[in-house]
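A short worksheet on the structure shown next.
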Amino acid sequence: MTALAPSRDHGRPEREGDLPAYDPAVVEAGWQARWQRQGMYDVIEDPTRPKYYCLDFFPYPSGDGLSVGHCRNYVPTDTLSRFLRARGYNVLHPMGWDAFGEPAEQYAVSQGVHPRVTTDRNAANYRRQYDLIGISFDWSRELDSSDPDYYRWTQWIFTRLYRKGLAYRDANWQWWCPGCQTTLSNQEAQDGVCWRGHTGLTKRQIPAWYFRITAYADKLLDGLETIDWPDRIRAMQSNWIGRSTGVQVEFASESGIPLPIFTTHPDTLFGVTFMVIAPEHPSLPDLVTDDHKAEVEAYVEASRKASEIDRLATDRPKTGVFTGSYAINPLNGDRVQVWVADYVLATYGTGIVMGVPAHDKRDFVFARTYGIPIKLVVRPLDWDDSKTGNDLPDAYTAPGIMVNSPGFDGMMSPGDWPKLGPNEKAELSTRWGFAVADMDARVGSATDNAITAIGDAVVARNAGKRVTNYRMRDWLISRQRYWGAPIPIIHCDACGEVPVPEDQLPVELPAMVDFMPDGTGRSPLARAEDWVRTTCPTCLAPARRETDTMGGFACSSWYFLRFASPGYKEGPFRPGDMDYWLPVDQYVGGAEHAVLHLLYSRFWTHFLHDEGMLPFAEPFTRLRNQGMLVVKTPHRRASDENATEDWVPITAAEAATLGPEAVTMRAAKMSKSLRNVVTPDEMVARYGADSLRLYELFMAPFDQEVEWSEEGINGARRFLGRVWDLVVRWHAAHDGATSGEPDTALVRLQHKTIARVTRDMERFRFNTMVAALMEFANALGERMRTGNARTGDFAAATEALVRLLAPTTPFFSEALWQLTGGFGRARSGGITAGDPSAPFATDGPGSIHAQAWPEWDEALARDETVTIAVQVNGKVRDRIEVAAGTSEDDVRAAALERPRVREFVPDPEAARYHHVADRLLSIVVAKA
RNA sequence: GCGGAAGUGGUGAAAUGGCAGACACGCAAGUCUUAGGAACUUGUGCCUUCACGGGCGUGCGGGUUCAAGUCCCGCCUUCCGCACCA
């Protein structure tokens, strides 16, 4: 062993003994093809084994290919899949293409080629990259959402939704993206900007198809409690659904026009001094009196023209005009003005609100602007009764006592009390002289809490009812674009809308040379006249096909089901496959789909569950989001004063023209336009796929944003080089004989490491898993250096290391496994795959990826001696070595024999002791 | 404004209430080299000390505890999502 000098150089063949140096290019060639040809990752149902469904988000195959940022998704899930296979699970780990949709179509247009061609080309490139970095997908289940065999079933599910009244057509105002030339859903219209990054959304009144996702609001909200998802995503979905309970109160105009309002604060009903109706509300024209007609029409027209971005700004001055009508408060008969104002949303609640300026911030501002009276109904406890509501400096929203509300005066209005923290509650109670517990009791009381009491009174007097409202709107699915699944509906003059019968599906997308939108808001499909012309399935009369297509989010709302039954002809999926494979055990992707794909998929799955087609309602049992990978990028100061950011990222080329003082380096997201993308292709060429994988896992906690570092990946490469040399040198020197001496410390570390790696893998702690492997390898390296590598325990530990590394570094581990003949189990082989189509040799060790995961023994992992820290008054003063499990009395005695300890403990009898077995002894002595 | 997450060395980060900084990156010194942007060895939180040692340290301020990065209360800061939702 000592005859072997430390390796000196990588990539040079002149080392002694012709030991192969670690060369990723040699090591990685051919294995992937060999694993795949032998179907090692193709799975079939096997009731004798537990299943595990490990799924990545469905990618749209972009023309840019994968970056190392994408690898932060795929490397951990692949490592987990390989780990679980070794642990005996039947692992479904599939991949496919979210190929329909505007991005694919836009890219095809930019290349001047049909999207079918670019989609296939891009998918092939993605697959090449996945193979390059060693991802173990079951490609026999590959899917493409733009394949008629797939979208046939997307359309089939659409017709099922339609028959249940959950798909409908509506000609209301829709979000319209001039860049994409199509309508968008609310979720895709973010801050008045299209989610694809175009600017300046407008609204257009054209017919569009919707899914009635609001019918599932309660189920989608309640289901969040049952799934293991990040708090952030669950909170976002919960906020998006926005359930809010209150009462609907039936106000009416003097002329009898109903003016229902929704409020969560019925306690302030006696404080109503005006009403406001949204400009788009259908009842508005009936309310406007002749002398206010011109003014109101001008206001409505102006608010329609205001850009959507302006209308979304919350700090905008509140404007409105009087309609000339008056409303009657059903509780007290008060006669109040009805105004029209665009701070009221037509699409939430009833589109009409009551104005309570004394106790609502928005209403306060509005009333002050237009000189509307302010009536106090919740009296602050330090209120000066010589003042009136008009003297309020701001809306009063804190708790108080009801006044000016006949029948309810003296009750408690909780205001924002339930939201206050303990300290704020205590502060209020000190200031106003009540006990926090009393207040909590009054707020919880049905008779003393005015929200409850007045709510009850509204119902009892037949003036309204309790209702629940949701912020979530229905899901607009229509796209006036070519590259999508056609909506399977036929319009017949006699029968109206008729869903295409199941046996006539799919409605195939017609071949079109020119599929660009023409700017009219009509789908390009409308120009395919032969395709549009059809017969009504019901009455056989001439009829026309629906020409809108479905947005891509429809296609991706069920793909995870199809992976379990690829190619199934009798339905979207085979029931038995659902029982075995679904739901998805582990789902991984970026956080940007929180209220898009992740909400839509849940909706479709709940629906299919209600249809009796699925034995589960929640599709994704456990969800994790990988952290973003950012990269140092030059930034210049923002020139636009309206910009929200001070610094904007630029290309290196632009930075060079600006000079160093105008440029600063900051982290930015990788993007093609900034030319700061790091690709797996370059990293594999320079460091190898295994180093890339190892570094992706090690760089930071899985879910945390982190900056790309090329020094970091080089460190991973160095680590693998050291392990390589270790194994290769051990193997070269190993003649089957061992020194026979035990190395119990190494055995202990081996068992500890297996336990740590296993637990970290299960908990998604890939960074600490790698750290554990490094510590283990360092211990082996130490023994190699000190000539202590001849023991049988060393051989076992080295084998364990290579097997523990296998899920993380599949090529590297396979090569070492083959080289050592599976650590002496079989004939030793070379480190390359040889002919990728040849099966593993029958006299060889087989693939390492078919081996079982190493076992550990808690007894062997346990320390024999432990170091006890001895604290005196909280400070560590000494450490003592004792046998594990030593009793407190013995530890105490041992500690008190130490001079360092006695120095601080003059009187052991007077001290107090706290003992934590095998860890620490804390001695407390009274201060002098 | 509402909701969520997070603040630990020069950097990425570890740490079932029990010895803060594991494991790396970087840096420094050294070894080997014709050479080093290679490899290997040693060191590396801050202050203090020739040294042994001592003191201080997990955003800030309180609290609970023998013991707090971790639990409780209140602030501050950053990031993310939603935002006139009545």
Side-chain angles (χ1 to χ4, degrees), chain A residues 5-12 190-191 230-240 242 244 246 261-265 268 276 311-316 318 341-345 347-350 352-356 360-363 365-366 419 421-424 426-427 469-473 591-592 594-595 628 695 698-701 703-707 709-716 718-719 721-722 725 765 767-775 778 781 785 867-879 900 911-925:
Chain A
S7 82
R8 180 169 298 160
D9 199 328
H10 289 291
R12 284 199 194 169
Q190 296 167 351
D191 292 332
D231 290 344
R232 185 163 62 122
I233 304 293
R234 291 193 310 177
M236 280 167 74
Q237 292 211 349
S238 173
N239 290 344
W240 184 266
S244 152
I261 58 97
F262 172 73
T263 180
T264 55
H265 277 277
T268 62
V276 192
R311 257 195 94 172
L312 285 166
T314 52
D315 49 358
R316 209 164 54 103
K318 300 220 172 341
D342 63 10
Y343 79 88
V344 174
L345 304 175
T347 49
Y348 183 77
T350 61
I352 307 170
V353 302
M354 62 181 193
V356 186
D360 181 280
K361 284 202 166 102
R362 296 156 300 185
D363 297 344
V365 172
F366 192 76
K419 285 187 172 177
N423 273 28
E424 290 171 294
E427 196 190 314
N469 260 310
Y470 304 90
R471 285 190 26 177
M472 181 170 65
R473 314 287 148 79
E592 66 275 10
V595 293
M628 227 172 33
Y695 177 56
F698 182 62
M699 63 195 338
D703 57 357
Q704 192 167 300
E705 177 176 308
V706 66
E707 202 171 280
S709 151
E710 198 153 336
E711 276 100 24
I713 187 174
N714 192 42
R718 278 204 301 252
F719 168 73
R722 282 197 300 272
D725 286 348
R765 306 280 290 263
N767 57 328
T768 51
M769 172 202 75
V770 174
L773 291 171
M774 287 175 167
E775 285 180 56
N778 290 346
R785 265 200 310 286
T867 306
I868 306 265
V870 182
Q871 293 183 345
V872 181
N873 287 350
K875 285 197 164 71
V876 178
R877 295 300 182 180
D878 204 354
R879 296 182 172 83
R900 280 282 298 153
R912 286 186 297 137
Y913 299 83
H914 298 266
H915 179 242
V916 183
D918 293 348
R919 302 201 73 140
L920 169 138
L921 179 71
S922 179
I923 306 174
V924 188
V925 298

message: Does B:rG12 have its OP1 or OP2 closer than 4.0 Å to a side-chain nitrogen or oxygen of A:N767?
response: no

message: With a 4.0 Å cutoff (strictly under), does any side-chain N or O of A:S244 reach OP1 or OP2 of B:rA86?
response: yes

- line: Sequence neighbours excluded, the answer for ring pair (Phe, Tyr, Trp, His ring centres under 6.0 Å) partners of A:Y695 is A:W708

Mind checking if [X] touches a base, just sugar-phosphate, or nothing, with heavy atoms under 4.0 Å?
X: A:D231; answer: sugar-phosphate
X: A:S238; answer: nothing
X: A:R879; answer: base
X: A:P230; answer: nothing
X: A:R919; answer: base

- request: Determine yes or no for a side-chain-to-main-chain donor-acceptor pair under 3.5 angstrom, with A:Q237 supplying the side chain and A:A594 the backbone.
  value: yes

Under the salt bridge (Lys or Arg N to Asp or Glu O under 4.0 Å) test, residues paired with A:R919 that sit two or more places apart: none

query: Got a donor-acceptor pair under 3.5 Å from the side chain of A:K361 to the base of B:rC84?
result: no

Atom pairs under 3.5 Å: protein N/O with N/O of nucleotides 62-66 of chain B:
unit_1, atom_1, unit_2, atom_2, d
B:rC66, O4', A:H914, NE2, 3.4
B:rC66, N1, A:H914, NE2, 3.3
B:rC66, O2, A:S922, OG, 2.9

Gap between atoms [atom1] and [atom2], on [X] and [N] respectively (whole Å):
X: A:L345; N: B:rC82; atom1: CG; atom2: C1'; result: 14 Å
X: A:M236; N: B:rC82; atom1: CE; atom2: P; result: 6 Å
X: A:R785; N: B:rU41; atom1: CZ; atom2: C1'; result: 8 Å
X: A:D703; N: B:rC79; atom1: CG; atom2: C1'; result: 14 Å
X: A:H915; N: B:rG17; atom1: NE2; atom2: P; result: 19 Å
X: A:Y348; N: B:rC82; atom1: OH; atom2: P; result: 18 Å
X: A:F366; N: B:rC84; atom1: CZ; atom2: P; result: 17 Å
X: A:I233; N: B:rC82; atom1: CD1; atom2: P; result: 11 Å

statement: Of the listed B:rA83, B:rG12, B:rG81, the closest approach to the A:A700 side chain comes from B:rG12

query: Taking for each residue the nucleotide of RNA chain B with the nearest heavy atom, is it A:A235 or A:M699 whose nucleotide lies nearer the 5' end?
result: A:A235

N/O contacts under 3.5 Å, protein versus nucleotides 24-28 of chain B?
unit_1, atom_1, unit_2, atom_2, d
B:rA24, OP1, A:N778, OD1, 3.4
B:rA24, OP1, A:N778, ND2, 2.5
B:rC25, OP1, A:R718, NH2, 2.6
B:rG26, OP2, A:R718, NH2, 3.2

query: Can a cation-pi geometry be assigned to A:K318 and A:F366, taking NZ or CZ under 6.0 Å from the six-membered ring centre and within 45° of the ring axis?
result: no

message: I'd like to know if A:D725 and A:R722 make a salt bridge, using a cut-off of under 4.0 Å between side-chain N and carboxylate O.
response: no

Could you run down the sub-3.5 Å N/O contacts of the protein with nucleotides 51-58 of chain B?
unit_1, atom_1, unit_2, atom_2, d
B:rG54, OP1, A:R900, NH2, 2.6

task: Could you give me the stems involving RNA chain B, meaning stretches of three or more consecutive Watson-Crick or G-U wobble pairs whose two defining distances are both below 3.5 Å?
output: B:1-7 with B:76-82, B:10-12 with B:23-25, B:26-31 with B:39-44, B:45-48 with B:53-56, B:59-63 with B:71-75

